[in-house]
S.K.: 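The structure is given below, and queries will be raised subsequently.
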Amino acid sequence: MSADTPNSSDPTVETDQPADSRHTGSGLAAEKSRRLAQLDEIRAAGGTPYPYRFDRTHTIEQIRDAWGSLEAGTETDEAVTIAGRVMLLRDSGKLVFATIRDRSGEVQLFVSKAVIGDDAFAAIKRLDLGDWVGVHGTVMTTRKGELSIKTDRVELLAKAVRPLPDKWHGLSDVDTRFRQRYADLIVNAEAQRAFEIRHEIIASFRRTLHERGFIEVETPVLHAEAGGAHARPFTTHHNALDMQLYLRIALELHLKRLIVGGMERVYEIGRIFRNEGISTRHNPEFTMMELYQAFGDWNDVMDISEVLVTQAARDAIGTTMLEIRGETFDLAEPWPRIRMVDAVSEKAGRTVHPSQPIDELRTLADQHSVRWEERWGGGKLVEELFETLCEADIVRPTFVTGHPKEISPLARADRDDPWLTERFEIFVDSRELGNGYSELNDPVEQRLRFEEEQAAKDAGDHEAGTVDEDYIRALEYGMPPTGGLGIGMDRVAMLLAGVDSIKEVILFPTLRHEVL
RNA sequence: GCCUCUCUAGCUCAAUGGUAGAGCAGUGGACUUUUAAUCCAUUGGUUCAGGGUUCGAGCCCCUGGGGAGGCACCA
């Protein structure tokens, strides 16, 4: 913004001290003071510690690709410029070795006092770990064969005034890792890897969907009604409209309006918000991919689910083989499909179905220590039994199908069983990964289902939905038969990155305010 | 919301209730092929905060705070 002014150390941070005290004491305050004093010295000498831009000829990966096989002890005339962060410094008197890292990799600088002269050499010795530099030099290898840049000139691109975490141990304090993700990313390769995987998965999903004719759309985050899922919303307020709004808890209802509008194949990868607990599997804001395919049903979207996740695995980790809880599975093999009622029946040792008398199901729930509420019908009881009896045993990717109609207000009834719906959930490692169904498109039945939701909400179910009149109006214009799918992108990232906490795949997870 | 664990130098970690230490980073010095360079010297602490017990508390107790894990919650 404003031009650089000489001698402006601009100490705006709590621990800064005047430059005069640069050589006294130690600790963070002294370290920052020392580095801030360097800024003054650089500016006093007519330099700029924060130049505006820098042109490089190569990324470090390109250097390695081009010259990675040079024999040990080779000097070339190949002039290159690179840019990166100083990660390590090794000073052996009249030689300095520095490890420079950019996004693509690391390479060593070979700096000889005899080559670059006393002043430039002294300037390089003043570099600190963490500084960003632009480097001009020629490609060489050392006697031991290490690919290096024989350095002619180093330009400071940005001075770091705060020291990096431990160069060997990195940053392990999880609180600091999540709060200062920037520091985590600088020093922890595993953190970089997890996010590379996450972002490659998202790119892969987009490619797969684009190839199949899906259009990426953006629908509102601010909703007048929080529908499309069973969850407690965040509330907010629009001042000019003086209107209470909710942050969306699902993408579903707007995307299906677009199917009504004739868009045929749409998807959105977007943030949704649920005002619920935080755990290793739940963050209050998370990323959902939802797609809707006209003229398809649940079978079509089950097939797409397998393709999306399997291709994402190829793209992000280079294999479809996954080890989960010590067992190895191939994502590319068809995922088992099991009806929820059959899974529960097997575990219970008797036939279980939502059509059974409610007292029988309640007794069964009691036998398995499932807490139930009076207002629950048979369908809800079956689901609770499933969660208690079956969920923990699901390891490999599995479609659990045929959810009771009672708990699936937006899914179409099973063409063979009016108590169930043509719905499935994908489970892996006991975690829900996705959810899809043949979409209910009968506006009259949809109204009845909404009214049941409204009744449940009125009876005290905070997560229940309401009657979305505009959505029903849309259905009244006619929605073609449609298959819909939602996949939790964070959960896919956890699966493929092999991490146990959702915070490992969310750059800035929700935390309490830091007390500084 | 409940239970358990955890919080010591910038980072990673030590320290029977008895003078708060090490490695890295930093500072000064040596070293022209290092690889977490090495070697010599050296600075650095509100032990998360506040109470309490004790002759004496980083350590024991209480309250509060941050975080993690588990439970609850959770389509």
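Naming convention: chains lettered A, B, ... in sequence-line order (proteins, then strands); numbering from 1 in each chain. From a predicted model like this one, the values you see are computed outputs, not experimental measurements.
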S.K.: Can you check the K167(A) NZ to rG10(B) C1' distance for me, whole Å?
M.R.: 15 Å
S.K.: From rU33(B), rA75(B), rG67(B), pick the nucleotide closest to the side chain of R179(A)?
M.R.: rG67(B)
S.K.: Can you find a side chain N or O atom of H169(A) that sits less than 4.0 Å from OP1 or OP2 on rU12(B)?
M.R.: no
S.K.: From the set rA36(B), rA25(B), rA75(B), return the single nucleotide nearest to any side-chain atom of E425(A).
M.R.: rA75(B)
S.K.: Using the P atom as the reference point in each nucleotide, state the distance between rC5(B) and rU47(B) in Å, no decimals.
M.R.: 23 Å
S.K.: With the side chain of R90(A) defined as its heavy atoms from C-beta on, choose the nearest nucleotide among rA37(B), rG69(B), rA75(B).
M.R.: rA37(B)
S.K.: Can you identify which nucleotide, out of rC31(B), rA36(B), rA75(B), has its nearest atom closest to the E432(A) side chain?
M.R.: rA75(B)
S.K.: Atom CG of L433(A) to atom P of rC74(B): distance rounded to whole Å?
M.R.: 21 Å
S.K.: Using 4.0 Å as the upper bound for N to carboxylate O, is an ion pair formed by R257(A) and D468(A)?
M.R.: yes
S.K.: Let's go through K380(A) and E406(A) carefully: what are the C-alpha distance in whole Å and the side-chain angles of both, what is the deciding distance for salt bridge (Lys or Arg N to Asp or Glu O under 4.0 Å) to 0.1 Å, and is it a yes or a no?
M.R.: CA-CA 7 Å; K380(A) 177 68 175 166; E406(A) 177 188 344; over 6 Å; no
S.K.: Looking only at N and O atoms, is any donor in the side chain of H282(A) or the base of rC74(B) less than 3.5 Å from an acceptor on the other one?
M.R.: yes
S.K.: Between A114(A) and L89(A), which is nearer to the 5' end of RNA chain B once each is assigned its nearest nucleotide?
M.R.: A114(A)
S.K.: Expressed in whole Å, how much space separates the C1' atoms belonging to rG67(B) and rG17(B)?
M.R.: 28 Å
S.K.: What is the distance, rounded to the nearest whole Å, between atom CG of L171(A) and atom C1' of rG67(B)?
M.R.: 13 Å
S.K.: For the C1' atoms, the ones on rA14(B) and on rU32(B), what distance do you get once it is rounded to whole angstrom?
M.R.: 39 Å
S.K.: Between rA68(B) atom P and R512(A) atom CZ, what is the distance in whole Å?
M.R.: 9 Å
S.K.: Looking across every strand, which nucleic acid part, if any, lies under 4.0 Å from E276(A) by heavy atom: base, sugar-phosphate, or nothing?
M.R.: sugar-phosphate
S.K.: Less than 6.0 angstrom from the centroid, inside 45 degrees of the normal: does R337(A) satisfy that with respect to the ring of F399(A)?
M.R.: yes
S.K.: CG of D119(A): more than 12 outside heavy atoms within 6.0 angstrom?
M.R.: no
S.K.: Just the rounded figure in Å: distance from P of rA36(B) to CZ of F97(A).
M.R.: 13 Å
S.K.: Within a reach of under 6.0 Å around OH of Y246(A), are more than 12 heavy atoms found that belong to other residues, nucleotides or ligands?
M.R.: no
S.K.: When the P atoms of rA72(B) and rG65(B) are compared, how many Å lie between them, rounded to an integer?
M.R.: 24 Å
S.K.: Within the 4.0 Å heavy-atom criterion, would you say P409(A) contacts the bases, only the backbone, or no part of the nucleic acid?
M.R.: base
S.K.: Tell me what L88(A) touches on the nucleic acid: a base, only sugar-phosphate, or nothing, going by heavy atoms under 4.0 Å.
M.R.: sugar-phosphate
S.K.: Considering only side-chain heavy atoms of L95(A), which listed nucleotide, rA68(B), rA75(B), rU32(B), is closest?
M.R.: rU32(B)
S.K.: If you pin A231(A) and S112(A) to their nearest nucleotides in RNA chain B, which one's is more 5'?
M.R.: S112(A)
S.K.: In a check of side chain to side chain contact (heavy atoms under 4.5 Å, CB included) between Y267(A) and each of I487(A), I304(A), L485(A), L291(A), which one passes?
M.R.: L291(A)
S.K.: Taking any heavy-atom pair under 4.0 Å as a contact, classify G170(A): base, sugar-phosphate, or nothing.
M.R.: sugar-phosphate
S.K.: Please determine, for the side chain of L28(A), which listed nucleotide (rG10(B), rG70(B), rU12(B)) has the closest atom?
M.R.: rG10(B)
S.K.: Side chains of L36(A) and Q38(A): does their closest heavy-atom pair fall under 4.5 Å?
M.R.: no
S.K.: Give a yes/no answer on whether the side chain of R371(A) brings an N or O atom under 4.0 Å of OP1 or OP2 in rC73(B).
M.R.: yes
S.K.: Quick one: are N435(A) and F424(A) in side-chain contact, heavy atoms under 4.5 Å?
M.R.: no
S.K.: rU8(B) C1' sits how many Å from D173(A) CG, rounded?
M.R.: 12 Å
S.K.: How does RNA chain B look in dot-bracket form if you count Watson-Crick and G-U pairs under 3.5 Å, write [ ] for pairs that cross, and put | where a base pairs with another strand?
M.R.: (((((((..((((....[..)))).(((((.......))))).....(((((..]....))))))))))))....
S.K.: For R232(A), report the nucleic acid contact type (base, sugar-phosphate, nothing); a contact means any heavy atom under 4.0 Å.
M.R.: nothing
S.K.: Can you find a donor-acceptor N/O pair under 3.5 angstrom joining the side chain of D166(A) to the base of rG23(B)?
M.R.: yes
S.K.: For a salt bridge (Lys or Arg N to Asp or Glu O under 4.0 Å) check, start with the C-alpha distance between E373(A) and R375(A), then their side-chain angles and the critical distance, and finish with the verdict.
M.R.: CA-CA 6 Å; E373(A) 297 177 27; R375(A) 63 169 184 259; 3.3 Å; yes
S.K.: For L410(A), report the nucleic acid contact type (base, sugar-phosphate, nothing); a contact means any heavy atom under 4.0 Å.
M.R.: nothing
S.K.: Please determine whether a side-chain nitrogen or oxygen atom of R34(A) lies at a distance below 4.0 Å from atom OP1 or OP2 of rU27(B).
M.R.: yes
S.K.: Rounding to the closest angstrom, what is the interatomic distance between rC39(B) and rG45(B) at atom C1'?
M.R.: 28 Å
S.K.: From the list rU32(B), rA75(B), rC11(B), which nucleotide is the closest neighbour of the side chain of E383(A)?
M.R.: rA75(B)
S.K.: Measure from CD1 on I278(A) to P on rG67(B) and round the result to the nearest Å.
M.R.: 9 Å
S.K.: Measure the distance from CG on D175(A) to C1' on rC7(B) and round it to the nearest whole Å.
M.R.: 9 Å
S.K.: Consider the side chain of E31(A), meaning its heavy atoms from C-beta on, and name the nucleotide among rA75(B), rC31(B), rG26(B) that approaches it most closely.
M.R.: rG26(B)
S.K.: Between E432(A) and R491(A), is there a side-chain N and carboxylate O pair less than 4.0 Å apart?
M.R.: no
S.K.: Using the C1' atom as the point on both nucleotides, what is the distance between rC59(B) and rG26(B), in whole Å?
M.R.: 30 Å
S.K.: Distance check: side-chain N/O of K380(A) vs OP1/OP2 of rA75(B), anything under 4.0 Å?
M.R.: no
S.K.: Under 4.0 Å between a side-chain N/O of T280(A) and OP1 or OP2 of rG70(B), yes or no?
M.R.: yes
S.K.: May I ask you to verify if any side-chain N or O of S172(A) is less than 4.0 angstrom from the OP1 or OP2 atom of rU12(B)?
M.R.: yes
S.K.: When we call it a touch if two heavy atoms are under 4.0 Å apart, what does Q108(A) touch: a base, just sugar-phosphate, or nothing?
M.R.: base
S.K.: With side chains defined as the heavy atoms from C-beta onward, is the minimum distance between P163(A) and D128(A) less than 4.5 Å?
M.R.: no
S.K.: Would you measure the distance from the C1' atom in rU16(B) across to the matching atom in rU12(B) and give it in whole Å?
M.R.: 25 Å
S.K.: Roughly how far apart, to the nearest Å, are rG21(B) and rU43(B) at atom P?
M.R.: 11 Å
